[in-house]
Amino acid sequence: MPKHHVVVLTGAGVSADSGVATFRDAGGLWEGHRPEQVATPEAWECDRALVWRFYQARRAQLRTVQPNPAHHALRAFADACREAGVAFTLITQNVDDLHERARLEAIHMHGELASLRCERCGHKVRGLDYVELSFLPCARCGHDAMRPDIVWFGEIPFFLDEIDRAMRTCTHFVAIGTSGNVWPAAGLLGAAREAGAVTWVQALEEPSNLDRRDRFVCGRAAQVVEPMLREIAALFHSAS
């Protein structure tokens, strides 16, 4: 088992410089909609057409964006960790596929826009080819409408057992572009800290879950993530 295990958590800030809209603006809106209108199971039951249009527009937007320097820096950092014999786990709150386009494997705890799921049989369809406003029926069971494979408010995040296993062996924790307001993801920083992990936090401003024990790096992810990760990687190379 590796002596060190770096766990990285990414949020909306890592994709903002790619042009992906952040979760909420200052007015509490999500791309012009209140979260309860488009991001809850109740919203889906109340107005499937509105929710479907909203997510199809977001899926279509992903076809126009590309990974930014922060994504590529994470890829280089993951490679550097493996070369140094350091375990690396990437957890993301983001539902875009920009980590994968940068050739990174990520645990998507809030789901993925690039996936549609049948509520009846669980069948999934991956890809961003279908962005039509008409519902997509399930090819397996015939259910009339696939839903976005997204974790909505009130639903349980995906891969919690896998995340828990990663956190148990975490020695270094890095939070990138997260607000510290969305739980249970916001609790990972504190869990890492209490377990004795060395912690870094990057954001445009201090997140609500920041602690004096965390090293805070202020700035846009595309500008400050790469030097921050190089500094962390140097710790492992100097110790090897």
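Everything numeric in this text was worked out from a predicted model, so none of it was measured.
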Atom of A222, atom of P69 and distance for their closest heavy-atom approach
O-CB, 3.6 Å
Spatial distance of atom CZ (R75) from atom CD (E105) [nearest 0.5 Å]
9.0 Å
Heavy atoms only: give me the nearest P41-F153 pair and the separation to one decimal.
CD-O, 3.1 Å
What orientation do H172 and H4 show, parallel under 30°, tilted 30 to 60°, or perpendicular over 60°?
perpendicular
Grab the two heavy atoms, one from N94 and one from V14, that are nearest each other, plus how far apart they are.
ND2-CG1, 3.2 Å
Closest approach of T199 to A192 (non-hydrogen atoms, all atoms of both residues)
CG2-CB, 4.3 Å
I would like to know whether H110 and I150 meet side-chain contact (heavy atoms from CB on, under 4.5 Å); could you show each step before the answer?
CA-CA 6 Å; H110 292 161; I150 299 295; 5.8 Å; no
Do W44 and Y55 sit in one hydrophobic cluster, given that two such residues count as connected whenever their side-chain heavy atoms are within less than 4.5 Å of each other, even indirectly?
yes
Not counting sequence neighbours, list each pair that qualifies as a salt bridge (Lys or Arg N to Asp or Glu O under 4.0 Å) and has a residue in residues 135-156.
R48-D144, R117-D149, K124-D149, R147-E155
With H108, which residues qualify under ring pair (Phe, Tyr, Trp, His ring centres under 6.0 Å), at least two apart?
none
Decide yes or no for Q66 and R101: does some side-chain heavy atom of the first lie under 4.5 Å from some side-chain heavy atom of the second?
yes
Separation between CG of L189 and CG of N209, rounded to the nearest 0.5 Å:
5.0 Å
Note, M109 side chain near E162 side chain (heavy atom, < 4.5 Å):
no
Go through the side-chain N and O atoms of R59 and Q56 and say whether any donor and acceptor fall under 3.5 Å apart.
yes
Are side-chain heavy atoms of I156 and V151 found at a separation under 4.5 Å?
no
ring-ring contact (aromatic ring centres under 6.0 Å, His included) pairs touching residues 118-139, sequence neighbours excluded, are W52-F135
Identify the two heavy atoms, one from A102 and one from P67, that lie closest to each other, and give their separation to 0.1 Å.
N-CG, 4.1 Å
For the CD atom of E100 and the OG1 atom of T92, what is their distance to the nearest 0.5 Å?
8.5 Å
Does the side chain of L229 reach to within under 4.5 Å of the side chain of L74, using non-hydrogen atoms?
yes
Checking H5 now: which residues fulfil side-chain hydrogen bond (donor to acceptor under 3.5 Å, both in side chains) with it, not counting sequence neighbours?
T89, T169
I want to check something: taking the side chain as every heavy atom from C-beta on, are D79 and F88 in contact at a cut-off of under 4.5 Å?
no
Taking the side chain as everything from C-beta on, heavy atoms only, tell me whether R63 gets closer than 4.5 Å to V131.
yes
Please test F54 against Q37 for side-chain contact (heavy atoms from CB on, under 4.5 Å), starting from the C-alpha separation and ending with a verdict.
CA-CA 10 Å; F54 174 80; Q37 294 178 306; over 6 Å; no
Between V174 and M228, does the side-chain contact (heavy atoms from CB on, under 4.5 Å) criterion hold? Intermediate values first, please.
CA-CA 10 Å; V174 188; M228 177 184 72; 3.7 Å; yes
For W200 and E231, test the side chains for any donor-to-acceptor distance below 3.5 angstrom and give the result as yes or no.
no
Which heavy atom in V38 sits nearest to a heavy atom in A43, and how many Å separate them?
N-CB, 3.9 Å
Separation of L104 CG from F77 CZ (nearest 0.5 Å)
11.0 Å
Could you check whether any side-chain heavy atom of M167 comes within less than 4.5 Å of a side-chain heavy atom of F173, counting everything from C-beta outward?
yes
To the nearest 0.5 angstrom, please state how far the CD atom of E112 sits from the CG atom of L62.
10.5 Å
Where at least one partner belongs to residues 166-191, residue pairs that pass salt bridge (Lys or Arg N to Asp or Glu O under 4.0 Å), sequence neighbours excluded:
D164-R168
Tell me whether V198 is reachable from V6 by hopping between hydrophobic residues (I, L, V, M, F, W, Y) whose side-chain heavy atoms are closer than 4.5 Å.
yes
Please say which of Q202, Q93, H99 ends up in a side chain to side chain donor-acceptor pair (under 3.5 Å) with T10.
H99
Test item: D214 and R193 side chains (from C-beta on) under 4.5 Å apart, heavy atoms
yes
Mark yes when over 12 heavy atoms from residues, nucleotides or ligands other than R120 sit less than 6.0 Å from its CZ; otherwise mark no.
yes
Expected list for residues 177-188: side-chain donor-acceptor pairs under 3.5 angstrom, two or more places apart:
residue: S179; atom: OG; partner: N181; partner atom: N; Å: 3.2
residue: N181; atom: OD1; partner: S208; partner atom: OG; Å: 2.7

For the hydrophobic clusters of this structure (ILVMFWY residues joined by side-chain heavy atoms under 4.5 Å, transitively), does one cluster hold both V51 and L116?
yes
With rounding to the nearest 0.5 angstrom, report the CD to CZ distance, E83 to F236.
13.5 Å
